Every structure is written in structure tokens, then in C-alpha cells.
Student: 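Sharing a structure with you now.
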There are 2 protein chains.
Amino acid sequence: METLRERKKQRTRDALLRSALELFVTRGYEHTTVDEIAESVDVSQRTFFRYFASKEDVAFFVPRLTEAHYIEAVRRRPPEETPLEALRRSVMDSWDTIEEAIERYVPVELFLRTYKMIEATPVLFAAHLRRQAETEEEIARIVAEREGVDPDTDPRPRLVVAVFGAVIRVTERNWSVGEDFSVTAIRELTASYLDQVGPALTGNWRAG
Amino acid sequence: METLRERKKQRTRDALLRSALELFVTRGYEHTTVDEIAESVDVSQRTFFRYFASKEDVAFFVPRLTEAHYIEAVRRRPPEETPLEALRRSVMDSWDTIEEAIERYVPVELFLRTYKMIEATPVLFAAHLRRQAETEEEIARIVAEREGVDPDTDPRPRLVVAVFGAVIRVTERNWSVGEDFSVTAIRELTASYLDQVGPALTGNWRAG
DNA sequence: GAGGCTAGTGACAGCCACTGACAGTTGACA
DNA sequence: TGTCAACTGTCAGTGGCTGTCACTAGCCTC
């Protein structure tokens with residue numbers, strides 16, 4: 001952020017990002033053209049593609065931050081915790097500290113609306129799932145290292161991470177269709193679902 | 001398949017499907033244009049899009065069959081089984097009986113290669129995950145009905161189905177990067193991973 | 001079996017995401 | 001202040017995809 005040039009670049013990118021997300025959430029992702037985004041910031045379409053690899057890429061700018069944030073949290077967990085403990089505390093910690101990281105680029109509220117839009121837009125939802133799969137791949141490697149096993153011969157790291165990720169996905173899904181659209185809400189929902197998954201798997205639902 | 005007209009249509013669609021998959025697996029999905037597919041069957045590009053909604057759509061023609069097959073298998077499970085039992089037996093049954101359904105359209109061997117290509121092509125892999133998410137949504141509704149609960153208030157159906165799906169995905173992943181590329185192999189891998197997931201979640205990995 | 005009807009098709013024009021090439025402009029820095 | 005490099009705009013082109021329209025070939029009736 002030193003030179004004028006760098007500041008200008010930063011401003012252009014921020015403007016493109018904000019404007020794009022605003023357009024996406026108001027008129028919808030598919031109904032927003034890259035030309036419109038560029039025009040709204042008064043740069044050429046070509047310039048847009050110099051800042052973002054694709055139209056999709058803008059939509060995932062903030063999710064990229066949260067993913068990195070989460071991965072870092074997992075890395076920092078003490079090695080004596082079990083894999084599940086470590087994963088659980090990582091997500092919870094992430095939700096506690098993510099807001100300021102987001103706010104540096106866009107208002108948290110805009111991010112939350114973007115998130116809902118991603119869940120509701122098929123092509124973005126697909127990309128979202130693929131990103132999560134990639135994140136899980138990395139987490140699995142971290143877990144494998146923690147536990148001192150080889151992820152290519154021992155399926156357990158990937159299994160644990162995938163199962164955990166599945167609970168997270170159900171959480172996000174139900175949060176995105178729910179009423180309370182806040183960070184607090186998803187935090188609590190996450191804890192609740194993580195508590196329920198054990199009994200749901202083994203218990204007899206028809207007993208009570 | 002009555003009239004000449006209908007037989008002609010069927011033949012055109014089959015030819016497009018076969019030719020497209022063949023091109024995809026040999027020269028890659030991204031390096032195959034719709035024009036080339038159309039040309040290889042000697043129809044116009046416009047006609048291709050009358051048979052398939054998109055380029056992506058052709059790639060998922062056979063996966064669509066297997067998904068439907070699996071959903072049907074779940075529907076047919078006796079109600080006294082627990083959700084996990086029912087899901088497990090459904091996948092295993094599906095793998096036993098899917099081959100003839102596939103063979104009606106394309107050689108099973110071509111399908112297996114297509115599957116590997118899907119896993120290896122980012123945009124197709126993303127679409128694949130989204131399709132699985134949709135399938136899981138439907139399965140969750142079936143499970144909810146079996147157990148007599150409301151999936152919109154009780155998170156357990158979606159949780160169980162998501163967790164089960166996660167194991168399936170790890171299975172597919174490891175199968176697709178492995179050596180033995182047969183239906184038997186994925187069948188056995190599925191059983192093995194389903195057995196390992198419980199201990200992996202609760203056990204102490206560093207004990208043994 | 002000659003006629004009209006219509007499903008299926010090709011040809012064409014156009015939108016949008018994205019890319020490469022080239023030229024112009026504007027900050028950085030000596 | 002002049003030179004260089006970074007940044008940008010313009011333009012032309014590709015590929016996926018859609019709407020339109022006219023034409024052909026199978027179908028169906030009388």
C-alpha cells in the first residue's frame with residue numbers, strides 16, 4: 001500500500017468487488033453481466049479480468065478469506081486434541097474472529113447476503129462445494145500429519161474430515177434458508193448440529 | 001420407439017452421447033467443442049442443443065441413471081431398517097444391478113472412464129458435487145418420511161444422509177485415483193470405508 | 001396416394017464470458 | 001525531466017448457448 005500506483009490498484013479492485021457483490025445480490029448473479037460491473041466502476045471489461053480471473057472469482061473473494069482463516073485455525077490447534085475436537089474448536093474459533101477480517105474489504109452484512117446468494121445460485125453453489133472439497137483435502141493432510149499417518153494409505157483422515165464437513169454443510173444450508181441471518185446464529189447452529197450428529201447416527205429415532 | 005421418426009431421434013441422441021463421451025475421455029472435456037461433437041455425428045450445433053441442454057448435460061447422462069437407480073433402491077428398503085442400514089444396503093444393491101442399466105446406452109467401460117474424467121475436470125467435478133447434494137436432499141426426504149419426522153424442523157435426516165454421502169464421496173475419490181478401475185473395486189471399497197468410519201470418528205488413532 | 005400437417009433440422013444472427021495482441025497513458029525513479 | 005515499466009483501453013476473435021425462420025421429411029387423413 002505504499003505507492004500511489006498501488007493505492008489506485010487497491011481502490012479499483014475494492015470498487016469492482018463491492019460493486020459486483022452489490023449487483024449480484026440485488027439483481028442476481030446470472031442477470032449481472034461483467035460489462036455492467038465494469039461500467040459501474042468506470043473501467044473497461046478487460047480491466048475487470050485483470051483483477052479477477054472470472055466472474056465467479058469475484059463472488060468467492062470473501063469466502064476465500066474465511067477458508068484460509070479456518071485452515072489457519074486448524075493448524076494452530078494443540079496436537080493432544082483428538083481430530084474431531086480440533087476441527088470443532090477450529091470452526092467455532094473461526095466464527096468468533098472472522099468478522100474483522102471480512103470488514104476490511106466489504107461490510108459483513110453484504111457478505112452474508114452474498115453467502116445466501118451463493119447457496120441459491122446453482123452454478124455458484126456447485127463452485128462452492130468444489131472449494132469446500134479442496135479445503136477438506138488440505139485439512140485432511142493437516143490432520144494426517146497431526147496424527148502421524150499417511151493420508152494416501154490410511155483413509156481415516158479424509159473420512160473424519162469429510163464427515164465433519166458434511167455436518168458443516170447441513171448447518172450452512174439450514175442457516176441460509178432460515179430467518180436469523182447473523183454470524184451468531186450460524187455459530188449456535190453449528191454447535192447444536194455437532195451435538196446432534198452422534199445420536200442421529202446411532203440412536204433409535206422412533207423410541208422417544 | 002414406434003415410428004421411424006422416433007427411432008431416428010433415438011439414434012441421433014445415442015450417437016451424440018457416445019461420440020461426446022468418447023471425445024471427452026480422449027482429448028479432454030475442455031478441449032472438446034460442441035461444434036466438434038456435432039460434426040462427428042454430422043448434425044448442426046443447433047441440433048446438439050436440442051438433445052442436450054448443455055455441453056455439461058451430456059457428460060452427466062449416465063450419472064443421472066445411476067442416481068435415479070440409487071434413489072429407487074432407497075425407496076424400496078423395508079421400513080424396519082435403521083436409516084444407516086437402509087442407506088448402506090441401497091448403495092451396495094445399486095452397485096450390483098447398475099451395469100445392465102448403463103449398458104443400454106453406453107459400454108460400462110466407457111462410463112467408468114467418463115467417471116474418472118468427471119473427477120479430474122474441475123468444472124465437472126463441481127457439477128457432480130451439486131448433483132450429489134440434490135440427490136441427498138431427496139434421500140433425506142425419503143428417510144424423514146420413513147422415520148415419520150419433518151425434515152424442516154428435525155435436522156437428523158439431513159445429517160445422517162450428509163454424513164453417509166461424505167463417506168461415499170471419499171470412496172469415489174480414492175477409487176478414481178486408484179489402480180483397480182472396476183465396479184467390483186468400488187463396491188468393496190464402499191463396504192470397507194463404511195466399516196472404518198465409526199472407529200475413525202471415536203477411536204484413538206495413536207493407540208495401536 | 002395426394003394432400004396437408006407438424007416434428008425435426010439447418011442456417012443465421014446475436015449475447016455473454018473470456019483471451020490475446022497492441023497501442024496509449026500514467027505513475028516511479030534516476 | 002526523461003525513460004522505463006506498470007497499468008489500461010481498444011479491438012478482434014473463440015466458444016457456449018439461444019431465438020428465429022424457413023425448409024424438409026415422416027406422419028396421417030381422406
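Everything quoted here is computed from the prediction, not taken from an experiment. A note on names: the letters A, B, ... follow the listed sequences, proteins ahead of strands, and every chain is numbered from 1.
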Student: Output the rounded distance in Å from NZ (Lys8(B)) to P (dA25(D)).
Tutor: 8 Å
Student: Under a 4.0 Å threshold between the charged nitrogen and the carboxylate oxygen, would Glu136(A) count as salt-bridged to Arg131(A)?
Tutor: no
Student: Taking any atom under 4.0 angstrom from a heavy atom of chain B, which nucleotides of DNA chain C are the first and last to qualify, 5' to 3'?
Tutor: dT6(C) to dA11(C)
Student: Looking at Phe61(A), Phe60(A), Tyr115(A), Tyr29(A), which hits ring-ring contact (aromatic ring centres under 6.0 Å, His included) with Phe24(A)?
Tutor: Tyr29(A)
Student: Return all side-chain donor-acceptor pairs below 3.5 angstrom for residues 159-168 of chain B, not counting sequence neighbours, or 'none' if the list is empty.
Tutor:
none

Student: Enumerate donor-acceptor pairs with a distance under 3.5 Å from any side-chain N or O in residues 143-153 of chain B to protein atoms, sequence neighbours excluded.
Tutor:
from      : atom 1 : to        : atom 2 : distance (Å)
Arg146(B) : NH1    : Arg77(B)  : O      : 3.4
Arg146(B) : NH1    : Pro78(B)  : O      : 3.3
Arg146(B) : NH2    : Pro78(B)  : O      : 3.3
Arg146(B) : NH2    : Glu81(B)  : O      : 2.6
Glu147(B) : OE1    : Arg206(A) : NE     : 2.9
Glu147(B) : OE1    : Arg206(A) : NH2    : 3.4
Glu147(B) : OE2    : Arg206(A) : NH2    : 2.8
Asp150(B) : OD1    : Asp152(B) : N      : 3.0
Asp152(B) : OD1    : Arg158(B) : NH2    : 3.0
Thr153(B) : OG1    : Asp150(B) : O      : 3.3

Student: Applying side-chain hydrogen bond (donor to acceptor under 3.5 Å, both in side chains), name anything that partners Ser94(A), two or more places apart in sequence or on another chain.
Tutor: none
Student: As a quick check of understanding, evaluate side chain to side chain donor-acceptor pair (under 3.5 Å) for Asp57(B) and Tyr51(B), giving each step before the final call.
Tutor: CA-CA 10 Å; Asp57(B) 193 41; Tyr51(B) 283 94; over 6 Å; no
Student: Under a 4.0 Å heavy-atom cut-off, which of residues 22-55 of chain B touch DNA chain D?
Tutor: Thr32(B), Thr33(B), Val34(B), Gln45(B), Arg46(B), Phe49(B), Arg50(B), Ala53(B), Ser54(B), Lys55(B)
Student: Can you pull every protein N or O that's under 3.5 Å from an N or O on nucleotides 3-6 of chain D?
Tutor:
from   : atom 1 : to      : atom 2 : distance (Å)
dA6(D) : O4'    : Arg5(A) : NH1    : 3.2

Student: Is Val197(B) close to Tyr193(B) at the side-chain level, that is, under 4.5 Å between some pair of heavy atoms?
Tutor: no
Student: Between Glu22(B) and Arg27(B), is there a side-chain heavy-atom distance shorter than 4.5 Å?
Tutor: no
Student: Would you find more than 12 non-hydrogen atoms of other residues, nucleotides or ligands less than 6.0 Å from Glu39(B) atom CD?
Tutor: no
Student: Any carboxylate oxygen within less than 4.0 angstrom of a Lys/Arg side-chain nitrogen, looking at Arg130(A) and Glu134(A)?
Tutor: yes
